[in-house]
Amino acid sequence: MVEAKHAGIGKWVINGVLIILAIIWIFPFLYVIVNAVKSSAEYSTGNFWDLPKSFSISENWQYLTQQIQLGSGFLNSMIYGALGGALGIIMAALAAYAIETLKIKHGLLWFFVIYSGTIFPFQVYLIPIFKAYNKVGLYDTRFGMILIYAALIIPFSVFVLRNFLMGVSKEMLESARIDGASDFYIFRKIYMPMARAPLAAVFLFQFTWIWSDLLFGMTLTKSESARPVMASVSLLGGATIQKVPPILLAAIIVSIPTIILFVLSHRNLEKGFIVTTK
């Protein structure tokens, strides 16, 4: 009875702490929403937390469209997130399968070599990649951006998918081989359907990272035809008081795709957490 009482108190305490943290986390979003719909004049003369007296979304939107091309940035980031994410995860799945299931020679060493890509900060790659892209003609191209994003997400994806494959029954593999199935058939028809949840979770995280990236988008692109959305929004920099509401509106707009993706894939994300943490 006493233990149940203590467990109930502990649950209430944990829930209370989580509610407080959620409220603290929400405050910046409320600030953005409240001030994104204000006019520049109202923002500069009023208090941050004053509710808007009138909505100036059209005025702020007009300023955005005059300064940057959000549409092309949206399209580019969607291409980079979808194609770069898919390509990187496919390569990571093949690498994880080869290392863990096919037992290639020095597999553990290959795993550490690939995973070492997560050790160094991405800033150390900028100068070598910039110089290489200039030499081979990939600078300021969509294809070049897809390649670099795919390469950067492989190490972490290999780590997650290899952990998943470590928990898959080896008897299933042997049974399939006895029945005459090739290794590639087993990969496509058995392991990949089983790995749907971790694949969805990894894709969600990597798409979100690619969508939010500013570093490589600013360094490896210079034109609207290849510039991702975050790099486009960064052109609104030098934020004077008059520019703040349009910038906040842009922040809300560019956050919508990732929010929608989280909502649509939250079930697979939860299943992926369960699978990858076993």
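These numbers come from the heavy atoms of this one structure, side chains and all, not from hydrogens, waters or symmetry mates.
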**Report entry** Shortest non-hydrogen contact from Arg227 toward Thr221
**Finding:** CA-OG1, 3.6 Å
Requested in this report: Looking only at non-hydrogen atoms, find the nearest pair between Tyr185 and Ala181 and report the distance.
Outcome: CD2-CB, 3.8 Å
Requested in this report: Consider only side-chain heavy atoms of I, L, V, M, F, W and Y, link residues closer than 4.5 Å, and tell whether Val254 and Phe29 are in one cluster.
Outcome: no
**Report entry** Rounded distance (nearest 0.5 Å) linking atom CD1 of Ile90 with atom CE of Met192
**Finding:** 10.0 Å
Report summary line: dist Ile23:CD1 -> Leu18:CG (nearest 0.5 Å) comes out at 11.5 Å
Report task. Please check if atom CD1 in Ile127 has more than 12 non-hydrogen atoms from other residues, nucleotides or ligands closer than 6.0 Å. Result -> no
Requested in this report: Starting from the C-alpha separation in whole Å, work towards a yes-or-no answer on ring-ring contact (aromatic ring centres under 6.0 Å, His included) for Trp211 and Phe74.
Outcome: CA-CA 9 Å; Trp211 185 273; Phe74 258 82; 5.4 Å; yes
Query - Near-ring test Trp209/Phe122, centroid separation under 6.0 angstrom - result: yes
Side-chain donor-acceptor distances from residues 137-155 under 3.5 Å, at least two apart:
from	atom 1	to	atom 2	distance (Å)
Asp140	OD1	Lys222	N	2.9
Asp140	OD1	Ser223	N	3.2
Asp140	OD1	Ser223	OG	3.1
Asp140	OD2	Ser223	OG	2.8
Thr141	OG1	Leu138	O	2.6
Thr141	OG1	Gly144	N	3.1
Arg142	NE	Asn76	OD1	2.8
Arg142	NE	Ser225	O	3.2
Arg142	NH2	Asn76	OD1	2.8
Tyr149	OH	Asp213	OD2	2.6

Requested in this report: Following the transitive rule for hydrophobic clusters with a side-chain heavy-atom cut-off under 4.5 Å over Ile, Leu, Val, Met, Phe, Trp and Tyr, establish whether Phe184 and Tyr97 coincide in one cluster.
Outcome: yes
Requested in this report: Answer with yes or no whether the side chains of Gln69 and Ser232 bring together a donor and an acceptor at under 3.5 Å.
Outcome: no
Report task. Locate the shortest heavy-atom distance separating Ser72 from Glu224; write the atom from each residue and the value. Result -> OG-OE1, 3.4 Å
Query raised in the report: Are Trp25 and Ile252 joined in one hydrophobic group, where the rule is that I, L, V, M, F, W and Y side chains link up if heavy atoms are under 4.5 Å apart?
Result: no
Query - Separation between CZ of Arg188 and CG of Asp183, rounded to the nearest 0.5 Å - result: 12.0 Å
Query raised in the report: If two hydrophobic side chains count as joined below 4.5 Å and joins carry through other members, does Leu94 share a cluster with Val160?
Result: yes
Query raised in the report: Within the side chain of Ser234, is there an N or O that forms a donor-acceptor pair under 3.5 Å with the backbone of Ala231?
Result: yes
Query raised in the report: Do the side chain of Thr101 and the main chain of Ala98 share a donor and acceptor less than 3.5 angstrom apart?
Result: no
Query raised in the report: Does the side-chain contact (heavy atoms from CB on, under 4.5 Å) test come out yes or no for Glu100 and Phe164, once each step is laid out?
Result: CA-CA 10 Å; Glu100 183 57 32; Phe164 167 77; over 6 Å; no
Query raised in the report: Honestly curious: do Met166 and Phe112 fall in one hydrophobic cluster under the side-chain, below-4.5 Å linking rule?
Result: no
Query raised in the report: For Thr208, what residues pass the side-chain contact (heavy atoms from CB on, under 4.5 Å) criterion, not counting sequence neighbours?
Result: Leu204, Ser212, Thr258, Phe262
Query raised in the report: For the residue pair Asn60 and Lys38, what are the closest heavy atoms and their distance?
Result: ND2-O, 3.0 Å
Query - Residues forming a side-chain contact (heavy atoms from CB on, under 4.5 Å) with Phe203, sequence neighbours excluded - result: Ile89, Phe207
